[in-house]
Amino acid sequence: MKIERLEDFKPNKNFISKYTKMNDIIEVVSMAHKNNSCSIKKLNKDEYVLLSTGEVFNCEHIENRSQNINSVRLSVTKLRNLINNNFVGGKNELWITLTFGKNKVYNANELYPIFKNFIKRLRYYFKNMTLDYIYVPEPHEKGDWHIHLLLKSDKELYIKNSVLNEIWGNGFVKVNRLQDVDNIGAYVSAYLTNIKDGEETKKGARLHLYPVGHQLYRCSKGIVKPKSEFLPYYEAKKKVSSLKPTFSNTVSVVTDSGFSNIIHKEFFNLKRL
């Protein structure tokens, strides 16, 4: 696959746009062509067929998620949008970090059962209100794991660190609010994937730490997925009116099977009016 960045690109008014509004964040992804077809078909865990020619190829088995960068980027994008669709930094929301003390967890598969028991105890503590969450485990460089938790309720949420520490019972906890963050999804996803080395931030530096097949996040039933609509680019621009994008970029993509496209992304933030 060949990907080339295009500078100062202006989409044709009839580009197909995917318009998604998530509280104060608006995302417009515009494409020259909407690709509705799949060019390959998987035969088994080791082989796939290129449908246009019938040729059979061996699958490349990856060792970690950083080698499958498109999959990782897609997971991070979904997480970012899910967060922005459900969290705005209100008093009914908390950003919690759960760590392990002496009994560190090195196997990612052991994390969620521990978390499920914890969330049952936490819901009992907040038994007079609803409680929904987005659960995001994060690895350390040494291989052990900790947990980040975005929590929201139908009422104002407050809990002391000492009380939460007792309910968690596995190590250090930290409770924060995100009232001063105007794009919570971008903040959290960057926090989880980047490493800050001195004054320099290394983007995506944590991605190699995630094992293949690891589920990047989980959420409760009350977390609502964002809804998108497809419409011509000129209609999407009418929806954002005179808003200026906070970020935009354009890439030209040519796949190995010959499919080519131009993808233009624009992000708008109503909090920055």
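We use all heavy atoms of the structure for the numbers below, so side chains are in, but hydrogens, waters and symmetry mates are not.
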_Taking ring-ring contact (aromatic ring centres under 6.0 Å, His included) as the definition, give me every residue that meets it alongside H264, ordered by chain and number, with sequence neighbours left out._
none
*Pair listing, salt bridge (Lys or Arg N to Asp or Glu O under 4.0 Å) test, anchored in residues 259-273, at least two apart*: D182-R272, K237-E266
*Measure from the side-chain N and O atoms of E93 to the backbone N and O of L150, and report whether any donor-acceptor pair falls under 3.5 Å.*
no
*For the pair F115 and F118, name the ring-plane relationship: parallel under 30°, tilted 30 to 60°, perpendicular over 60°.*
tilted
*Answer yes or no: does atom NZ of K104 have more than 12 heavy-atom neighbours from other residues, nucleotides or ligands under 6.0 Å?*
yes
*Sorted by first residue and then second, give each salt bridge (Lys or Arg N to Asp or Glu O under 4.0 Å) pair with at least one member in residues 219-228; sequence neighbours left out.*
none
_According to side chain to side chain contact (heavy atoms under 4.5 Å, CB included), who are the partners of V181, at least two apart in sequence or on a separate chain?_
L178, I184, Y187
Quiz: residues 239-249 side-chain donor-acceptor pairs under 3.5 angstrom, not counting sequence neighbours:
residue, atom, partner, partner atom, Å
K239, NZ, E229, OE2, 3.2
T246, OG1, F267, O, 3.1

Listing, residues 19-29 side-chain donor-acceptor contacts under 3.5 Å, not counting sequence neighbours, or none:
residue, atom, partner, partner atom, Å
T20, OG1, S228, OG, 2.5
K21, NZ, N23, O, 2.6
N23, ND2, N84, O, 2.8
N23, ND2, N85, O, 3.2
E27, OE2, R80, NH2, 2.9

*asked:* Applying side chain to side chain donor-acceptor pair (under 3.5 Å) as the test, list every pair that has at least one member in residues 159-180; sequence neighbours left out.
replied: none
*Taking the side chain as every heavy atom from C-beta outward, state whether I263 and S30 have any atom pair closer than 4.5 Å.*
no
*Side chain E235, main chain P232, donor-acceptor under 3.5 Å*: no
*Transitive ILVMFWY cluster of I262, excluding itself - 4.5 Å side-chain cut-off*: L6, F9, F15, Y233
Just list the side-chain donor-acceptor pairs under 3.5 Å for residues 125-134, sequence neighbours left out, or say none.
residue, atom, partner, partner atom, Å
T130, OG1, D154, N, 3.4
T130, OG1, D154, OD1, 3.2
D132, OD1, S220, OG, 2.7
D132, OD1, G222, N, 3.0
Y133, OH, Y112, OH, 3.2

*Is K116 close to Y135 at the side-chain level, that is, under 4.5 Å between some pair of heavy atoms?*
no
*Do V188 and H148 come close enough that some side-chain heavy atom pair is under 4.5 Å?*
no
*Which residues satisfy the side chain to side chain contact (heavy atoms under 4.5 Å, CB included) test with D8, sequence neighbours excluded?*
none
*Are I119 and I167 joined in one hydrophobic group, where the rule is that I, L, V, M, F, W and Y side chains link up if heavy atoms are under 4.5 Å apart?*
yes
